[in-house]
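Encoded as structure tokens, the structure appears first; notes follow it.
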Amino acid sequence: MTEKEKMLAGQLYQAGGTELTQERTKVRKLLKRYNDSEPDSSEERDRLLEQILGKKGKNLCIEPPFFCDYGYNIEVGDDVFFNFNCVILDVVKVTFGDRVFVAPNVQFYPATHPIEAKTRGQMWEFGKPISIGDDVWIGGSSVICPGVSIGNRSVIAAGAVVTKDVPEDVVVAGNPAKIIKHIKQED
């Protein structure tokens, strides 16, 4: 398997090879254009997002600056909004449902490293996919850790560090994030 194939499969891989380095460089050039674009250049931004993301739903707004590793592992549904300074380390799939709101400074970290120091010191890494359901609101400066799924209609409070799956219809807060409220959906 190539390092890219290992990466996409969630296996240990080395990111420093030629193929992955070229792909990161390509997306960083596109992101530079996106992040330097004029605020009223929505058509240009839309074209750039089509080139950056693996799947882009309708009515997507990402406020610059925005950063990611590869882009092609990010899938976004319809009517999604990302506020300023979002980071997605998309070494594996990161999916967003419809009507997701992401506040400023939110970080999505599917990329991770082995805990064992000797292996980690040899620059090995791997990824665990992240999945965000429909109608989710993620508060400012939250961190979504590797392998986390967030259920439909849930709210992540500002500053939360989400280390475990979040069920539907709850509010979580804290570090590590814990359920603080169950949400009753209105008819």
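Atom set for the values below is all heavy atoms of this structure, side chains included, hydrogens, waters and symmetry mates excluded.
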(request) Would you check if Tyr34 and Arg45 make a side-chain contact, meaning some heavy-atom pair closer than 4.5 Å? (result) yes

(request) Decide, yes or no, whether a salt bridge links Arg153 with Asp135 under the criterion of side-chain N to carboxylate O below 4.0 Å. (result) no

(request) Kindly compute the distance separating CG (Leu60) from CG (Leu49), expressed to the nearest 0.5 Å. (result) 5.5 Å

(message) Please check this pair: side chain of Asn83 against backbone of Asn105, looking for a donor-acceptor N/O pair closer than 3.5 Å.
(response) no

(message) Does atom NZ (Lys26) have a neighbourhood of more than 12 heavy atoms from anything else shown, all under 6.0 Å?
(response) no

(message) What I'd like to find out is whether the side chain of Val94 reaches to under 4.5 Å of the side chain of Ile144, using heavy atoms alone.
(response) no

(request) Check Ala173 against Ala160 and note the closest heavy-atom contact, atom names and distance. (result) CA-CB, 4.2 Å

(request) Can you see which heavy atom on Met1 is nearest to which on Ala9, and at what distance? (result) CE-CB, 4.2 Å

(message) I need the minimum non-hydrogen distance between Met7 and Val92, along with the two atoms involved.
(response) O-CG1, 3.3 Å

(message) Working to the nearest 0.5 angstrom, can you tell me the gap between Ser37 OG and Asp46 CG?
(response) 11.5 Å

(request) Locate the shortest heavy-atom distance separating Ala103 from Gly139; write the atom from each residue and the value. (result) CB-C, 3.6 Å

(message) For a 4.5 angstrom cut-off between non-hydrogen side-chain atoms, does Ser142 reach Val162?
(response) no

(message) Can you confirm whether more than 12 heavy atoms, excluding those of Glu116, are under 6.0 Å from its CD atom?
(response) yes

(message) Looking at Asp98, is its backbone amide N or carbonyl O close enough to the side chain of Asp134 to form a donor-acceptor pair, meaning the two atoms are under 3.5 Å apart?
(response) yes

(message) Does any part of the side chain of Tyr109, heavy atoms only, come nearer than 4.5 Å to the side chain of Val161, both counted from C-beta?
(response) no

(request) Hey, could you give me the CD1/CG distance between Ile130 and Asp90, rounded to the nearest 0.5 Å? (result) 10.0 Å

(message) Counting C-beta onward and ignoring hydrogens, is there a side-chain heavy-atom pair between Asn85 and Pro104 closer than 4.5 Å?
(response) no

(message) With a 4.5 Å cut-off on side-chain heavy-atom distances among I, L, V, M, F, W and Y, is there a chain of contacts connecting Trp137 to Ile180?
(response) yes

(message) Within a 6.0 Å radius of atom NZ on Lys128, are there more than 12 heavy atoms belonging to other residues, nucleotides or ligands?
(response) no

(message) Salt bridge check, Glu44 against Arg47: does any charged N sit closer than 4.0 Å to a carboxylate O?
(response) no

(request) State, with a plain yes or no, whether a side-chain heavy atom of Phe67 is found less than 4.5 Å away from one of Asn35. (result) yes

(message) Check Lys56 with Asp78, please: is the shortest side-chain N to carboxylate O separation under 4.0 Å?
(response) no

(request) Compare every heavy atom of Gly133 with every heavy atom of Val136, then report the nearest pair and how far apart it is. (result) CG2-O, 3.5 Å

(message) Side chains of Thr112 and Val91, heavy atoms from C-beta outward: is any pair under 4.5 Å?
(response) no

(message) Angle between ring planes, Phe82 versus Phe108, binned at 30° and 60°: parallel, tilted or perpendicular?
(response) perpendicular

(message) Assigning hydrophobic clusters by single linkage (Ile, Leu, Val, Met, Phe, Trp, Tyr; side-chain heavy-atom cutoff under 4.5 Å), is Val148 placed with Val100?
(response) yes

(message) What's the separation between atom CZ in Phe66 and atom SG in Cys86, rounded to the nearest 0.5 Å?
(response) 5.5 Å

(message) Side-chain heavy atoms nearer than 4.5 Å, only ILVMFWY residues, links allowed to pass through others: does that put Leu89 and Ile74 together?
(response) no

(request) Could you tell me whether Trp124 atom CH2 has more than 12 heavy atoms of other residues or ligands within 6.0 Å of it? (result) yes

(request) Kindly work out whether a path of hydrophobic side-chain contacts (I/L/V/M/F/W/Y, heavy atoms less than 4.5 Å apart) joins Val76 to Ile132. (result) yes

(request) Taking Thr163 for its side chain and Ala177 for its backbone only, find out whether a donor-acceptor pair lies under 3.5 Å. (result) no

Check: residues 12-20 side-chain donor-acceptor pairs under 3.5 Å, at least two apart:
from  : atom 1 : to     : atom 2 : distance (Å)
Tyr13 : OH     : Glu125 : OE2    : 2.4
Gln14 : NE2    : Gln122 : O      : 2.9

(request) Drop me the distance from Asp69's CG to Leu31's CG, to the nearest 0.5 angstrom. (result) 10.0 Å

(message) Could you report the tightest heavy-atom contact between Pro167 and Ile179, atom names first, then the distance?
(response) CG-CD1, 3.9 Å

(request) Take atom CD of Glu38 as the centre, draw a 6.0 Å sphere, and report whether it contains more than 12 heavy atoms from other residues, nucleotides or ligands. (result) no

(message) Is there a continuous path of hydrophobic side-chain contacts, each under 4.5 Å between heavy atoms, that joins Phe81 to Ile138?
(response) no

(request) Evaluate the side-chain proximity of Ser154 to Val170: yes if any heavy-atom separation is below 4.5 Å, no if none is. (result) yes

